[in-house]
Number of protein chains: 2
Amino acid sequence: MSEKKLTLQLDFHSGLPIYTQIVNQVQSQLANGILKPGDQLPTVRALALELRVNFNTVARAYRILDEARIISTQQGRGTFITEIPPPEVSERLRQESLSALTQRFIGEAYRLGFSEREVSQMVRDSLKSWKEANVSEQD
Amino acid sequence: MSEKKLTLQLDFHSGLPIYTQIVNQVQSQLANGILKPGDQLPTVRALALELRVNFNTVARAYRILDEARIISTQQGRGTFITEIPPPEVSERLRQESLSALTQRFIGEAYRLGFSEREVSQMVRDSLKSWKEANVSEQD
DNA sequence: CCTATAATGTACTAATTGTATCATTGTATA
DNA sequence: TATACAATGATACAATTAGTACATTATAGG
């Protein structure tokens with residue numbers, strides 16, 4: 001199951017900020033396999049209640065972990081350990097997502113009655129004008 | 001047959017809202033010909049039951065698709081893939097709508113970090129495979 | 001026909017979640 | 001002491017999903 005209890009041990013006198021301790025312990029539990037990709041972490045409020053701290057402190061820890069791509073926090077949904085696809089899988093997903101996007105586009109264009117010629121011509125034109133409009137602000 | 005099973009794969013941890021995933025996958029299946037104009041989609045309640053989500057989440061996805069004129073939801077009747085409107089629109093409107101569609105597509109692709117090369121290559125491939133897959137059923 | 005009922009989508013609201021901003025507290029240091 | 005800054009807390013907000021009641025349509029029984 002992807003619902004975890006997430007037992008953390010805080011030391012309020014250690015000098016380490018609470019949020020740092022949360023960050024460290026989540027990282028170490030992930031390293032130890034106690035947490036796994038896809039696992040859902042407790043909500044900021046639930047964990048805060050359990051640890052007897054303000055939920056903003058937990059949110060801060062989660063934000064740091066999120067920025068480090070260790071977890072993925074989703075407003076209205078919850079917080080999850082990030083799936084870490086190996087690079088070759090990542091590239092495959094990349095291509096699949098572009099393929100899906102392209103097929104949706106082409107399918108919609110055909111559905112609206114446009115021909116292959118029209119579609120490919122419009123794509124060429126649009127790519128060209130996009131490039132011209134952005135030559136100066138390439139990153 | 002106009003009654004479809006509509007198999008969708010949701011990823012509850014992907015970061016994409018459920019309703020977005022439903023929207024994307026319906027569009028994708030339409031683009032791939034798995035869904036066709038006139039097909040009836042499952043009712044909001046039936047699909048919600050199958051996906052284990054609230055039926056309002058499905059209703060939200062259907063509403064978005066409806067606003068995009070991709071499906072037609074009819075209270076008391078059901079939900080259907082829209083029939084292709086005959087291109088009775090003027091040529092100018094036709095070109096404008098294709099241009100808008102194309103720019104949305106290209107903008108999204110760039111936003112996802114794909115290069116011009118990747119986009120144009122994928123468009124070529126997709127056009128080619130679509131043509132091959134549909135030579136026999138051209139209308 | 002007319003009416004009752006079931007099936008369907010709609011509208012509005014509530015609950016759950018994370019986010020943003022500012023206030024408070026504690027501590028180090030000039 | 002006074003000031004600056006980091007950590008934490010309080011409050012309001014936003015996004016997503018769920019709950020409830022209702023309107024519309026189709027259909028079966030009389």
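Below, read A as the first sequence line, B as the second, and so on, with proteins coming before strands; counting in each chain starts at 1.
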Can you tell me the distance, in whole Å, between the [atom1] atom of [X] and the [atom2] atom of [N]?
X       : N      : atom1 : atom2 : value
B:Ile71 : C:dG9  : CD1   : C1'   : 11 Å
B:Leu41 : C:dA7  : CG    : C1'   : 16 Å
A:Leu65 : C:dT19 : CG    : P     : 12 Å
A:Ile22 : C:dG18 : CD1   : P     : 13 Å
B:Asn54 : C:dG9  : CG    : C1'   : 14 Å
A:Arg63 : C:dG18 : CZ    : P     : 14 Å
B:Ile64 : C:dG9  : CD1   : P     : 16 Å
A:Asp66 : C:dT19 : CG    : P     : 7 Å

Answer with base, sugar-phosphate or nothing: what part of the nucleic acid does [X] contact at a heavy-atom distance below 4.0 Å?
X       : value
A:Arg45 : base
B:Arg60 : base
B:Tyr62 : nothing

Worksheet item: Any donor-acceptor pair under 3.5 Å joining the side chain of A:Asn56 to the base of C:dA20?
Response: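 Side chain to base: pair present.
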Considering only [options], which nucleotide approaches the side chain of [X] most closely?
X       : options               : result
A:Arg77 : C:dG9, D:dT16, D:dT8  : D:dT16
B:Gln75 : D:dG19, C:dT8, D:dT16 : C:dT8
A:Phe55 : C:dG18, C:dT19, D:dT8 : C:dT19
A:Thr43 : C:dG9, C:dT17, D:dT17 : C:dT17

side-chain N/O [X] vs [N] OP1/OP2, d < 4.0 Å:
X       : N      : value
B:Thr79 : C:dG9  : yes
A:Tyr19 : D:dA7  : yes
B:Thr73 : C:dT10 : yes

Do [X] and [Y] belong together in a cluster built from hydrophobic side chains that touch within less than 4.5 Å?
X       : Y       : answer
B:Val44 : B:Leu49 : no
A:Val23 : A:Phe12 : yes
A:Leu10 : A:Leu16 : no

Practice prompt. Over all heavy atoms of both residues, which pair between A:Leu6 and A:Glu50 is shortest? Give the atoms and the distance, please.
Written response: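 Smallest interatomic distance, heavy atoms only, reads O-OE2, 3.9 Å.
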Worksheet item: Closest approach of B:Tyr62 and B:Pro42, non-hydrogen atoms and distance?
Response: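 Taking every non-hydrogen atom into account, OH-O, 2.9 Å.
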